[in-house]
**Student:** 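Here it is, the structure in full.
Just so we're on the same page: letters track the sequence lines, and every chain starts at 1. Model, not experiment: these values are computed from the prediction.
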There are 2 protein chains.
Amino acid sequence: MPRAATTADVFNAIAEPRRREILDLLARAGELAVGALVEALRLPQPAVSKHLGVLRAVGLVSVKREGQRRVYAINAAELRPVHQWVSNYERLWTHQVDSIQRRAERRARMGSPTKKPNPQRKEVRS
Amino acid sequence: MPRAATTADVFNAIAEPRRREILDLLARAGELAVGALVEALRLPQPAVSKHLGVLRAVGLVSVKREGQRRVYAINAAELRPVHQWVSNYERLWTHQVDSIQRRAERRARMGSPTKKPNPQRKEVRS
DNA sequence: TGAGTATATGCTGACAAGGGCATATGTCAA
DNA sequence: TTGACATATGCCCTTGTCAGCATATACTCA
């Protein structure tokens, strides 16, 4: 059994950097025709169309025909499952202070030693 | 150019359902040896080891040798980029009220009509 | 109708994932 | 040491990706 299809779920769909880029562009602009995306991404048109196909398949974008062009818009609600899933881990990286993490934190803010990570947080549990 | 490696970044790593499941289990239990994961996932041991290998490669988990077994723990901080990325879209599914979304929203909170989703939000743009 | 523009689809090739299974590596206990 | 246990690695196989290029489809305007 090979890797799951990119159209299998949102998680697989957004694994592609270009597809995330497309979503970013759409979120910013509200709506965009394929041509505009092609220009912005500097990617061959067929490639863009295919990426849009994947995003369409998982419901992340919607299309609207407008004359001879197709205008795409993001359908952010589909990202909700992802948000919910990741949010479950948020408490872990705000509370938890293990060694590995420390290194990263240190690198991030090199001046303040032993900074208290805002303590008013939702209580642990799950 | 084929699909990016699963070890390329966190987004690719978490595209696999089983790997997400592993993370869930680790988050819940704090620490788990491979054997425990094998039992919980009901997956052949080599498969589990390979998934753990991917998670290790992207830094999502850390290992600790403990006698003849290896105890894994989650390193949730690495999920932060994902959280940040998705969070940028949160306002879209709380503000935006297109038809598709409406159905979902309705289902979610069946009582309150035209609820004002907290308006004090970072101004759009980027 | 026909040319031109905008977008989608089909096919190919290179490549890696992921399960299965065998086996290597490492650790403990007697 | 030897043997049992815990985990990692290697190889095969099937399958699906993604870019590239050519082509089909769809719409618009003369």
**Student:** Let me have a per-nucleotide readout for nucleotides 24-30 of chain D, 5' to 3', with B, S or -, counting only protein heavy atoms under 4.0 Å.
**Tutor:** --SBS--

**Student:** Using heavy atoms to find the nearest nucleotide of DNA chain D for P46(A) and L52(B) separately, return the residue whose nucleotide is more 5′.
**Tutor:** L52(B)

**Student:** Show me the side-chain donor-acceptor pairs of residues 33-59 of chain A shorter than 3.5 Å, one per line, residues at least two apart or across chains.
**Tutor:**
| residue | atom | partner | partner atom | Å |
| --- | --- | --- | --- | --- |
| Q45(A) | NE2 | S49(A) | OG | 3.1 |
| H51(A) | ND1 | R19(A) | NH1 | 3.2 |
| R56(A) | NE | Y72(A) | OH | 3.3 |
| R56(A) | NH2 | Y72(A) | OH | 3.4 |

**Student:** Kindly point out which of dG19(C), dC21(D), dT7(D) is positioned nearest to the side chain of A47(B)?
**Tutor:** dG19(C)

**Student:** Heavy atoms, side chains only, cut-off 4.5 Å: are K64(A) and R70(A) in contact?
**Tutor:** no

**Student:** Find the distance E39(A):CD to dT7(C):C1' and express it as a whole number of Å.
**Tutor:** 15 Å

**Student:** Go through V61(A) and L23(A) one step at a time and tell me if the side-chain contact (heavy atoms from CB on, under 4.5 Å) criterion holds.
**Tutor:** CA-CA 8 Å; V61(A) 298; L23(A) 292 179; 3.9 Å; yes

**Student:** Measure from the side-chain heavy atoms of Y72(A) and tell me the nearest of dT7(C), dA8(D), dA8(C).
**Tutor:** dA8(C)

**Student:** Find the distance L43(B):CG to dC21(C):P and express it as a whole number of Å.
**Tutor:** 12 Å

**Student:** Could you tell me how far apart L55(B) (CG) and dT7(D) (P) are, to the nearest whole angstrom?
**Tutor:** 16 Å

**Student:** Has the side chain of Y89(A) got a donor or acceptor atom that lies under 3.5 Å from a matching backbone atom of N75(B)?
**Tutor:** no

**Student:** Please determine whether side-chain contact (heavy atoms from CB on, under 4.5 Å) holds for the pair T6(B) and E16(B), giving the CA-CA distance in whole Å, both sets of side-chain angles, and the decisive distance to 0.1 Å.
**Tutor:** CA-CA 9 Å; T6(B) 52; E16(B) 249 290 328; 6.0 Å; no

**Student:** Between atom CG in L37(B) and atom C1' in dA6(D), what is the gap in whole Å?
**Tutor:** 13 Å

**Student:** Minimum heavy-atom separation for L92(B) to A76(A), with atom names?
**Tutor:** CB-CB, 3.5 Å

**Student:** Classify the side chain of Q45(A) versus the base of dA6(C) as yes if they form a donor-acceptor pair under 3.5 Å and no if they do not.
**Tutor:** no

**Student:** Are side-chain N/O atoms of R28(B) and N88(A) paired as donor and acceptor at under 3.5 Å?
**Tutor:** no

**Student:** Please report the distance, rounded to the nearest Å, between CZ in R42(B) and P in dG20(C).
**Tutor:** 14 Å

**Student:** How does each nucleotide of nucleotides 13-18 of chain C score, in 5' to 3' order, for protein heavy atoms under 4.0 Å: base (B), sugar-phosphate only (S), or none (-)?
**Tutor:** --B-BB

**Student:** Go through the steps to decide whether I74(A) and W93(B) satisfy the test side-chain contact (heavy atoms from CB on, under 4.5 Å), and finish with yes or no.
**Tutor:** CA-CA 10 Å; I74(A) 194 176; W93(B) 71 67; over 6 Å; no

**Student:** Give the rounded distance in Å between these two atoms: CD1 of I22(B) and P of dT7(D).
**Tutor:** 13 Å

